[in-house]
Amino acid sequence: MPELPEVETIARGLASRVTGDAIESVWLGQKKEPLKSPAADIVAALEHRRITAVRRMGKHIVFDLQRNHLERALSPAKGRKVKKLSDTSEGAATQWIVHLGMTGRLQVCEPDAEIAKHTHAIVKLKSGRELRFVDPRRFGRLSVAIEFDATGTEPLEIDLENFIALFRGRKTPMKSALLNQKLLRGVGNIYADESLFRAGIRPRRRAFSTTRNQLQKLHAALKEVLKEAIALGGSSISDYVDADGEQGFFQLQHRVYGREAEPCLVCKTPIKRVVIAGRSSHYCPKCQK
DNA sequence: ACTATGTCCTGCGAGC
DNA sequence: TGCTCGCAGGACATAG
């Protein structure tokens with residue numbers, strides 16, 4: 001469901017709520033799809049760890065975990081078969097990585113709160129609260145790692161020359177290039193469409209044929225649209241809410257996404273919707289070349 | 001190596 | 001009301 005601005009909003013909300021808290025126990029559901037790492041690895045990596053930070057990398061939420069020294073003496077956690085993490089020393093940091101897919105949610109709640117349908121993981125915290133992962137479509141993924149290795153570059157950090165180089169020699173449509181997480185991480189369908197509109201580039205435009213001037217505009221437009229969206233707490237379409245249950249407001253700023261047949265806000269031409277790489281793509285046929 | 005396509009899931013609203 | 005259909009913010013495997 002969420003793209004970079006929504007994940008950023010969620011990660012910030014989680015950081016303020018659970019940083020410093022410790023994980024006492026982990027329950028994982030029976031469905032196998034949400035687990036990218038073996039269940040035993042996840043449980044072993046999370047239990048009795050302190051959450052030292054929560055941050056976003058692309059569309060992933062990364063929890064930095066450290067062995068909780070108060071718990072260490074009490075936990076005879078050795079002997080568990082955790083191949084990937086077995087060579088980590090006792091105090092070494094590990095990470096819990098959550099990808100929300102299309103419909104994933106991470107909620108912090110009291111233990112007596114009703115357990116939502118499609119709850120796949122419940123993490124009990126020392127503070128008494130619970131962190132729950134809920135995901136109806138099960139496109140989301142949970143995993144653990146010693147150091148998460150995300151692909152691509154953060155769009156908010158990339159400089160102009162490296163940005164332009166991403167598109168060089170590629171035949172693929174600009175829309176597909178923007179969605180390719182190996183190039184830029186965190187851009188999804190909404191912000192791809194919105195940034196292409198602001199830069200005046202058609203989504204089907206072949207990457208290699210895009211002019212330097214257009215790419216320069218896109219570099220600025222993408223950063224601008226992502227920053228504006230983060231400032232407004234992301235876009236709430238259907239049921240997206242952040243860690244505090246608050247909805248975002250950037251959907252009110254969409255200029256093309258979800259506006260098929262509505263007049264372009266610049267030139268009044270009806271907005272078009274086409275399918276590119278299986279994804280809805282919205283653009284103004286007059287403003288975008 | 002790069003690119004296009006199908007597939008994984010559930011839920012919702014539109015249209016009949 | 002109840003059914004079917006198409007669509008949904010993502011990412012991977014696979015085939016060409």
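Lettering follows sequence order; numbering is per chain, from 1.
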Review point. Under 4.5 Å between side-chain heavy atoms, hopping through other hydrophobics if needed: is there a path connecting A/Val274 to A/Tyr257?
Key: no
Point to revise | Candidates B/dT3, C/dA8, C/dG10 - which lies nearest the side chain of A/Lys59 | key: C/dG10
Practice item. Choose from B/dC9, B/dC2, C/dC7 the nucleotide whose nearest atom is closest to any side-chain atom of A/Ser280. Key: C/dC7
Practice item. Write down the distance between CZ (A/Phe139) and P (C/dA11), rounded to a whole number of angstrom. Key: 11 Å
Practice item. Flag the pair A/Glu224 and A/Arg198 as a salt bridge only when some basic side-chain nitrogen lies within less than 4.0 angstrom of an acidic carboxylate oxygen. Key: yes
Check your understanding: Just how far is it from atom CG of A/Leu179 to atom OG1 of A/Thr172, taken to the nearest 0.5 Å?
Key -> 9.5 Å
Exercise for review: Give one of base, sugar-phosphate or nothing for A/Pro34, where a contact means two heavy atoms less than 4.0 Å apart.
Suggested key: nothing
Exercise for review: May I ask you to decide whether A/Arg12 forms a salt bridge with A/Glu8, counting only side-chain N to carboxylate O separations under 4.0 Å?
Suggested key: yes
Review point. What's the CG-P distance between A/Leu4 and C/dG10, to the nearest Å?
Key: 11 Å
Check your understanding: If you pin A/Arg137 and A/Lys182 to their nearest nucleotides in DNA chain C, which one's is more 5'?
Key -> A/Arg137
Review point. Would you say A/Met57 and A/Leu4 are hydrophobically clustered, going by side-chain heavy atoms of ILVMFWY under 4.5 Å?
Key: no
Review point. If you check every side-chain atom of A/His99, which of B/dT5, C/dA11, B/dT3 has the closest atom?
Key: C/dA11
Exercise for review: For A/Gly278, report the nucleic acid contact type (base, sugar-phosphate, nothing); a contact means any heavy atom under 4.0 Å.
Suggested key: nothing
Study note, to complete from the structure: Stems with DNA chain B, 3 or more Watson-Crick or G-U pairs in a row (under 3.5 Å), are B:2-8 with C:10-16, B:10-16 with C:2-8
Exercise for review: Select base, sugar-phosphate, or nothing to describe what A/Tyr191 touches, counting heavy atoms under 4.0 Å on all strands.
Suggested key: nothing
Review point. Does the side chain of A/Arg141 get closer than 4.0 angstrom to OP1 or OP2 of C/dG10 through an N or O atom?
Key: no
Point to revise | Note: A/Glu130-A/Lys124 ion pair, threshold 4.0 Å (strictly below) | key: yes
Review point. Are OP1 or OP2 of B/dC2 and a side-chain N or O of A/Arg168 less than 4.0 angstrom apart?
Key: no
Point to revise | Interatomic distance, A/Leu179 CG vs C/dA8 P [rounded to whole Å] | key: 13 Å
Review point. Contact class for A/Lys117 vs. all strands (heavy atom < 4.0 Å): base, sugar-phosphate, or nothing?
Key: sugar-phosphate
Review point. Is the shortest side-chain N/O distance from A/His118 to OP1 or OP2 of B/dG11 below 4.0 Å?
Key: yes
Exercise for review: Report the distance from atom CZ of A/Arg279 to atom C1' of B/dG6, rounded to the nearest whole Å.
Suggested key: 14 Å
Practice item. Round to a whole Å and report the spacing from CG of A/Asp193 to P of C/dG10. Key: 10 Å
Exercise for review: Measure from CG on A/Asn180 to C1' on C/dA11 and round the result to the nearest Å.
Suggested key: 11 Å
Exercise for review: Compare side-chain N and O positions of A/Thr172 against OP1 and OP2 of B/dA4 and report whether any pair is under 4.0 Å apart.
Suggested key: yes
Check your understanding: Below 3.5 Å, does any donor atom in the side chain of A/Arg138 face an acceptor in the base of B/dC9, or the other way round?
Key -> no
Revision key, fill the gap. Taking B/dT10, C/dA8, B/dA4 as options, the one with an atom nearest any side-chain atom of A/Tyr257 is C/dA8
Review point. Where do A/Leu265 and A/His254 come nearest, in terms of heavy atoms and distance?
Key: CD1-O, 4.5 Å
Review point. When we call it a touch if two heavy atoms are under 4.0 Å apart, what does A/Arg170 touch: a base, just sugar-phosphate, or nothing?
Key: sugar-phosphate
Practice item. Write down the distance separating the P atoms in C/dC3 and B/dC9, rounded off to the nearest Å. Key: 24 Å
Practice item. In whole angstrom, give the distance that lies between atom CG of A/Leu100 and atom C1' of C/dA8. Key: 16 Å
Check your understanding: Any ion pair linking A/Asp64 and A/Arg55 (charged N to carboxylate O, less than 4.0 Å)?
Key -> yes
Review point. Roughly, in whole Å, what's the span from CD1 in A/Ile61 to P in C/dG10?
Key: 14 Å
Exercise for review: Pick base, sugar-phosphate or nothing for A/Arg185, based on heavy-atom distances below 4.0 Å to the nucleic acid.
Suggested key: nothing
Point to revise | Separation of A/Lys286 NZ from A/Lys268 NZ (nearest 0.5 Å) | key: 11.0 Å
